[in-house]
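A short worksheet on the structure shown next.
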2 protein chains.
Amino acid sequence: MITTRDIAEHLGVSVSTVGRALADDPRISEETKFRVRQAATEMGYVGNRAARMMRGASSNVVALVIPDIRNSFYSTIAHELSKNMEAEGYQLMLSETDDDRMVELRHLRELSANRVAGVIIVPTARPHGESVKLLRALPHLQLLRRHTSLGSQWFGVDDHEALRQATAHLVTQGHTRITYMGGPEELPTGAERLRGFRSALSDGGLPDHAGRAELGPPSSVEHGRETVRRLLKGPDAPTALVLGSIQLTLGVLEELSEQDVNVPADLSVVGFGDEPGFSWWGPGLTTIGLPIQEMATGCALWLMRRLKTKPSNDGPYTSLSPGSLILRGSTAPPGAAASASG
Amino acid sequence: MITTRDIAEHLGVSVSTVGRALADDPRISEETKFRVRQAATEMGYVGNRAARMMRGASSNVVALVIPDIRNSFYSTIAHELSKNMEAEGYQLMLSETDDDRMVELRHLRELSANRVAGVIIVPTARPHGESVKLLRALPHLQLLRRHTSLGSQWFGVDDHEALRQATAHLVTQGHTRITYMGGPEELPTGAERLRGFRSALSDGGLPDHAGRAELGPPSSVEHGRETVRRLLKGPDAPTALVLGSIQLTLGVLEELSEQDVNVPADLSVVGFGDEPGFSWWGPGLTTIGLPIQEMATGCALWLMRRLKTKPSNDGPYTSLSPGSLILRGSTAPPGAAASASG
DNA sequence: TCCAGCAGTGCTAACGTTAGCATAAGGTGG
DNA sequence: CCACCTTATGCTAACGTTAGCACTGCTGGA
């Protein structure tokens with residue numbers, strides 16, 4: 001690897017001169033700068049950021065710590081971050097936790113050792129104590145899920161309101177046997193969504209047993225399939241389904257398609273997220289749309305500013321984006337005549 | 001930030017001792033090791049990889065350079081790589097090029113400056129000369145697209161055979177007006193897929209004008225919609241469509257759903273890739289399935305081995321994975337009676 | 001004539017870690 | 001009692017870059 005020293009020896013100048021010429025220092029003559037730059041290009045010099053960092057410069061790497069990049073929420077976020085950061089000269093490091101706190105810890109250890117400039121994290125349900133320590137030592141912000149003990153900045157969507165709205169829509173249509181399928185209460189998002197579901201039920205004056213909650217692994221398509229299969233076979237099958245995760249929605253849609261369930265006549269469905277296939281599924285899937293892209297952009301901008309300016313610790317910041325119900329054809333009053341047509 | 005020196009001073013030993021204790025050097029007594037490790041944990045010491053790299057250690061970062069992480073091919077690849085590399089202690093850097101060679105160049109410059117251990121790249125159509133130079137100086141391999149002037153290892157799928165097979169299926173059913181929609185010929189994958197399409201036509205004894213090719217931006221959903229809209233309106237609309245990219249397929253499916261085109265009676269469609277919604281689209285989408293996951297795993301393993309062992313430059317290696325046609329309901333002989341049913 | 005000031009460049013130390021060599025203490029055999 | 005080995009640790013240099021300070025000529029004013 002070519003170093004500034006190689007260039008210096010080649011030109012018969014000192015390393016300082018080379019360093020300054022490359023940094024466009026005004027004290028260096030234009031002629032020298034020209035010769036240095038030319039030599040650098042010819043010799044294929046590429047600066048060594050590790051050495052720079054030793055001299056106190058910060059790295060230009062920001063890490064994104066998420067459960068699984070295949071989830072379109074997260075790939076959208078990664079894309080949005082990457083795009084915004086590239087413009088500022090930052091690179092994106094990707095760490096997948098698979099919702100395993102030990103994997104999350106291992107990643108945070110590596111990221112800390114690599115002295116990343118900042119971290120954007122969707123924390124696991126209950127992060128390891130060391131993870132919390134490591135995060136506290138870094139500029140970071142939380143995304144979607146909020147682990148309160150971190151006490152740091154958070155960007156997320158209004159999960160409570162989104163599920164309340166979706167459930168209220170079904171209650172208004174007269175459903176009295178509604179099942180919510182979502183992630184575990186341990187996850188901040190899971191807890192919020194469940195609360196939103198429950199509060200819509202009580203707002204609608206429905207008794208407790210009107211709503212059932214099926215909680216489980218939120219990122220398992222297969223779990224969605226199995227659960228809905230079980231629900232349909234059960235004695236008091238629901239007339240409406242509200243979903244609390246993309247993967248569960250995908251599983252449910254696959255299963256309902258295969259079993260040729262009559263939606264919305266026999267079952268109303270409100271999905272989560274808005275994937276490409278949702279619009280052409282059966283009668284069109286009514287679903288909870290979330291402004292993931294806007295949220296990711298906001299969070300990228302926030303972090304970029306935070307990294308460029310000094311600490312500026314003006315207390316924890318919270319940005320809550322509202323969701324919106326996208327109405328299509330998969331919901332109708334219970335027992336309505338089959339309305340599906342060519 | 002705590003350094004080995006801080007620990008050394010705290011314990012009244014030398015930095016060498018601390019360094020060796022943390023590296024589990026057999027020359028250090030167990031008692032000292034214990035004290036050092038305890039102090040390190042208490043003081044929250046995190047090793048500085050930048051400093052290590054200065055001493056010749058290689059980084060533990062591998063970069064993935066792709067057009068767009070939102071494309072499920074690439075997010076699958078990223079996931080597979082991340083998973084395999086995490087097990088070996090490597091971290092994944094994500095660089096999106098948006099198929100822009102200048103963005104690609106900027107990323108490669110940054111990656112080189114950061115001294116990444118290796119690069120896995122899906123090159124743009126015509127990489128910049130400097131990009132080629134930078135790549136040559138790094139352990140790297142190409143994925144999906146093969147830029148031959150790099151002369152390096154390549155992992156990909158048999159695009160030619162995949163399209164040949166898909167097109168042959170339509171030819172066998174008697175179609176004589178088939179349109180292929182895909183990426184530009186500049187892209188290695190685009191050229192291969194087009195060749196596959198053409199060779200199926202000539203194998204089937206069809207005249208040149210039987211097949212039409214609509215080439216354009218492969219990652220634009222909107223372009224897919226527009227193109228199919230135009231084709232359907234045209235004077236000699238095709239009776240069958242073969243697609244050469246996921247995004248185009250998504251656009252086409254959306255448009256055909258909205259326009260209520262009768263598939264396969266009025267139009268047969270063979271998609272590209274196998275997204276969740278493809279199975280429940282209309283009569284079920286017949287599509288070209290590609291073993292992306294297996295390919296990504298193979299390429300992760302190859303790079304891991306390459307990084308752990310010495311150069312081992314036993315010539316360029318090529319791994320070609322076959323695709324397979326997934327038959328569903330979206331293809332039928334032209335003009336067949338509508339067979340779609342509840 | 002001499003010194004101040006300036007432009008342009010060189011020297012050196014420092015960042016945190018590691019590896020080679022040196023050192024110190026304690027034990028063993030001759 | 002000394003040479004020698006072993007065990008445990010210390011000292012120092014080096015990695016590539018940058019910043020502070022020092023230096024060398026040269027110009028211009030006193």
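Chain letters run A, B, ... following the sequence lines, proteins first and then strands; every chain starts at 1.
Judged purely by atom type and a 3.5 angstrom limit, B:N114 has no side-chain atom pairing as donor or acceptor with the backbone of B:V116. A distance-only check finds no donor-acceptor pair linking the side chain of A:E104 to the backbone of A:P123 [under 3.5 Å].
Comparing A:Y45 and B:V13 along DNA chain D, the residue whose closest nucleotide (by nearest heavy atom) sits nearer the 5' end is B:V13. The 5' end of DNA chain D is approached more closely, in terms of each residue's nearest nucleotide, by B:V18 than by the other of B:V18 and B:A51.
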Next on the checklist: Quick one, A:Q142 with A:S152, criterion side chain to side chain contact (heavy atoms under 4.5 Å, CB included). Give me CA distance, side-chain angles, the key distance, then yes/no.
Outcome noted: CA-CA 7 Å; A:Q142 299 177 71; A:S152 48; 3.1 Å; yes
Item to check | B:V122 vs B:I77, side chain to side chain contact (heavy atoms under 4.5 Å, CB included): CA-CA, chis, key distance, verdict | outcome: CA-CA 11 Å; B:V122 179; B:I77 288 168; 5.5 Å; no
Checklist entry - Between B:E86 and A:R106, is a salt bridge (Lys or Arg N to Asp or Glu O under 4.0 Å) present by the stated rule, with each step listed? => result CA-CA 9 Å; B:E86 200 270 338; A:R106 283 205 295 274; 2.9 Å; yes
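Distances shown here put every side-chain N or O of B:T17 at or beyond 4.0 Å from the OP1 or OP2 atom of D:dA8.
Taking the six-membered ring where the residue is Trp, B:F155 and B:Y317 present tilted rings, their angle falling between 30° and 60°.
For DNA chain C, the span of nucleotides reached by chain A at under 4.0 Å from its heavy atoms goes, 5' to 3', from C:dG8 to C:dG16.
Rounded to an integer number of Å, the gap from B:L11 CG to D:dG10 P is 10 Å.
Residue contacts shown for B:R52 are limited to sugar-phosphate atoms, with no base heavy atom under 4.0 Å away. At a threshold of 4.0 angstrom between heavy atoms, the contacts of A:T3 are confined to the sugar-phosphate backbone, with no base atom among them. Within 4.0 Å (heavy atoms only), B:S29 reaches sugar-phosphate atoms of the nucleic acid but no base atom.
There is a side-chain donor-acceptor pair under 3.5 Å between A:Q91 and B:H107.
Listed by residue number, there are no residues of residues 30-42 of chain B with a heavy-atom contact under 4.0 Å to DNA chain C.
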